[in-house]
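The shown structure was predicted, so the numbers you read here are calculated from the model rather than taken from an experiment.
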Amino acid sequence: MSKSLKRVRAALDGAGAAVEILEMAESTRTAAEAANAAGCQIDQIAKSIVFRGAQTGHIVLFLTAGGNRVDPEKAARVAGQALGKADAAQIRAETGFAIGGVSPVGHLSPVTIYFDPRLGDFDLVWAAAGTPRHIFSIAPGQLQSITGAITAQFTQTG
C-alpha cells in the first residue's frame with residue numbers, strides 16, 4: 001500500500017468514517033474517468049481543484065462536483081486573496097499527493113478547503129484516495145465535516 005493511500009485510510013479511520021477504498025482497474029485521474037469507473041454521475045465526483053494563494057503562498061483546495069468548473073474570480077473572492085496556479089511540486093509538498101490523485105483528506109499540512117454545494121445534492125459522492133486508481137464513496141455531509149470544508153459558491157454558471 002502506498003504512503004499516500006495509507007494517509008487517506010488513516011485520516012478516514014481517524015475520523016470514524018467507515019468507508020471502503022476501492023482500487024479501480026482503470027484510471028480515475030479525471031472526473032469523467034472516475035465517474036465511469038464508479039458507475040455514477042459525473043457530478044457525484046468530488047474533484048479537488050488546487051490553487052496557490054497569492055498572499056499566503058499556500059495551497060487552497062476547491063472541492064467541486066465533477067461536472068462543474070471553478071470560476072477563478074469567484075474562487076478568489078471566496079478565498080479572500082488572488083489565486084494563481086499551484087505547481088505539481090507545491091501540491092505534492094503540501095498535500096502529499098500527486099496531481100490526479102489529490103484526496104480531500106490525509107494532507108501533509110493543513111489546507112483551506114471550500115465545498116461546492118452541488119455535492120450536497122447526492123446521497124453519496126466519490127473522491128480520490130491518494131492515487132490515480134483509488135477512490136472512496138462517502139456521504140457529502142460527512143466528507144464536509146471530516147475536511148472542515150467551507151460551503152461556498154465558486155463555480156461557473158451557465
Side-chain angles (χ1 to χ4, degrees), residues 1-13 15-52 59-72 74-75 78 83 85-92 94-108 111-158:
M1 183 182 295
S2 76
K3 290 179 188 177
S4 297
L5 187 58
K6 285 180 184 175
R7 271 198 330 279
V8 172
R9 175 83 272 157
L12 292 168
D13 289 349
V19 302
E20 183 180 5
I21 295 175
L22 302 176
E23 181 174 8
M24 308 312 276
E26 60 271 9
S27 171
T28 58
R29 282 185 182 274
T30 69
E33 289 174 349
N36 184 56
C40 68
Q41 295 178 45
I42 195 163
D43 277 357
Q44 284 181 272
I45 300 301
K47 66 182 178 182
S48 297
I49 305 298
V50 182
F51 290 93
R52 180 182 182 277
I59 295 295
V60 181
L61 192 151
F62 292 85
L63 200 55
T64 188
N68 282 348
R69 295 185 62 87
V70 174
D71 180 310
K74 288 181 183 177
V78 165
L83 299 172
K85 186 177 193 285
D87 66 30
Q90 182 177 17
I91 292 169
R92 185 178 285 279
E94 292 192 35
T95 69
F97 304 117
I99 295 171
V102 176
S103 178
V105 301
H107 302 139
L108 293 176
V111 174
T112 301
I113 303 175
Y114 296 97
F115 193 85
D116 181 354
R118 171 73 173 125
L119 293 168
D121 292 345
F122 302 98
D123 293 333
L124 288 176
V125 295
W126 293 83
T131 82
R133 290 181 41 164
H134 288 86
I135 57 177
F136 64 93
S137 64
I138 189 168
Q142 187 177 26
L143 179 61
Q144 186 173 12
S145 176
I146 291 169
T147 61
I150 302 158
T151 300
Q153 296 289 341
F154 53 80
T155 60
Q156 294 177 353
T157 55

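In this structure, the side chains of Phe136 and Val8 come closer than 4.5 Å at one or more pairs of heavy atoms. Looking only at side-chain heavy atoms (C-beta outward), Asp121 and Gln41 stay at 4.5 Å or farther from each other. In this structure the side chain of Val105 never reaches within 4.5 angstrom of the side chain of Arg9, judged on heavy atoms.
Heavy atoms only, all atoms of each residue included: Ser103 and His107 are closest at O-NE2, 2.7 Å. Contact detail for Gln153 and Pro117: the closest heavy-atom pair is NE2-CG, 3.3 Å. Nearest heavy atom pair, residue Gln144 against residue Ala149, reads NE2-O, 3.1 Å. The two atoms that bring Ala46 and Leu143 nearest to each other are CB-CD2, 4.1 Å, heavy atoms only. Nearest heavy-atom pair, Ala31 versus Lys47, reported as atom, atom and distance to 0.1 Å: CB-CD, 4.2 Å. Closest of all the heavy-atom pairs between Ser137 and Val19 is O-CG1, 3.4 Å.
Shown here are the side chain to side chain contact (heavy atoms under 4.5 Å, CB included) partners of Leu108, two or more places apart in sequence or in another chain: Arg7.
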Trace of the side-chain contact (heavy atoms from CB on, under 4.5 Å) decision for Trp126 with Thr28: CA-CA 10 Å; Trp126 293 83; Thr28 58; over 6 Å; no
Could you walk me through whether Ile45 and Val125 pass the side-chain contact (heavy atoms from CB on, under 4.5 Å) test, one step at a time? CA-CA 6 Å; Ile45 300 301; Val125 295; over 6 Å; no
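A donor-acceptor pair is defined here as one N or O able to donate and one able to accept, closer than 3.5 Å; no such pair exists between the side chain of Glu23 and the backbone of Arg133.
Atoms CD and CD1, from Glu20 and Ile138 in turn, are 13.5 Å apart once rounded to the nearest 0.5 Å. Residue Phe115 holds its CZ atom at 6.5 Å from OG1 of Thr151, rounded to the nearest 0.5 Å. Note: Lys74 NZ to Leu83 CG = 14.5 Å, rounded to the nearest 0.5 Å. Distance check: Ser4 OG to His134 NE2 gives 10.5 Å after rounding to the nearest 0.5 Å. With rounding to the nearest 0.5 Å, the separation of CD in Gln90 from CG in Asp87 is 6.0 Å. Here the CE atom belonging to Met24 is positioned 11.0 Å from the OG1 atom belonging to Thr131, to the nearest 0.5 angstrom.
The neighbour count for Glu26 CD, taken as heavy atoms of other residues, nucleotides or ligands under 6.0 Å away, is above 12.
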N/O donor to acceptor pairs below 3.5 angstrom from side-chain atoms of residues 59-69, sequence neighbours left out:
unit_1 : atom_1 : unit_2 : atom_2 : d
Thr64  : OG1    : Asp116 : OD2    : 2.7
Asn68  : ND2    : Asp116 : OD2    : 2.7

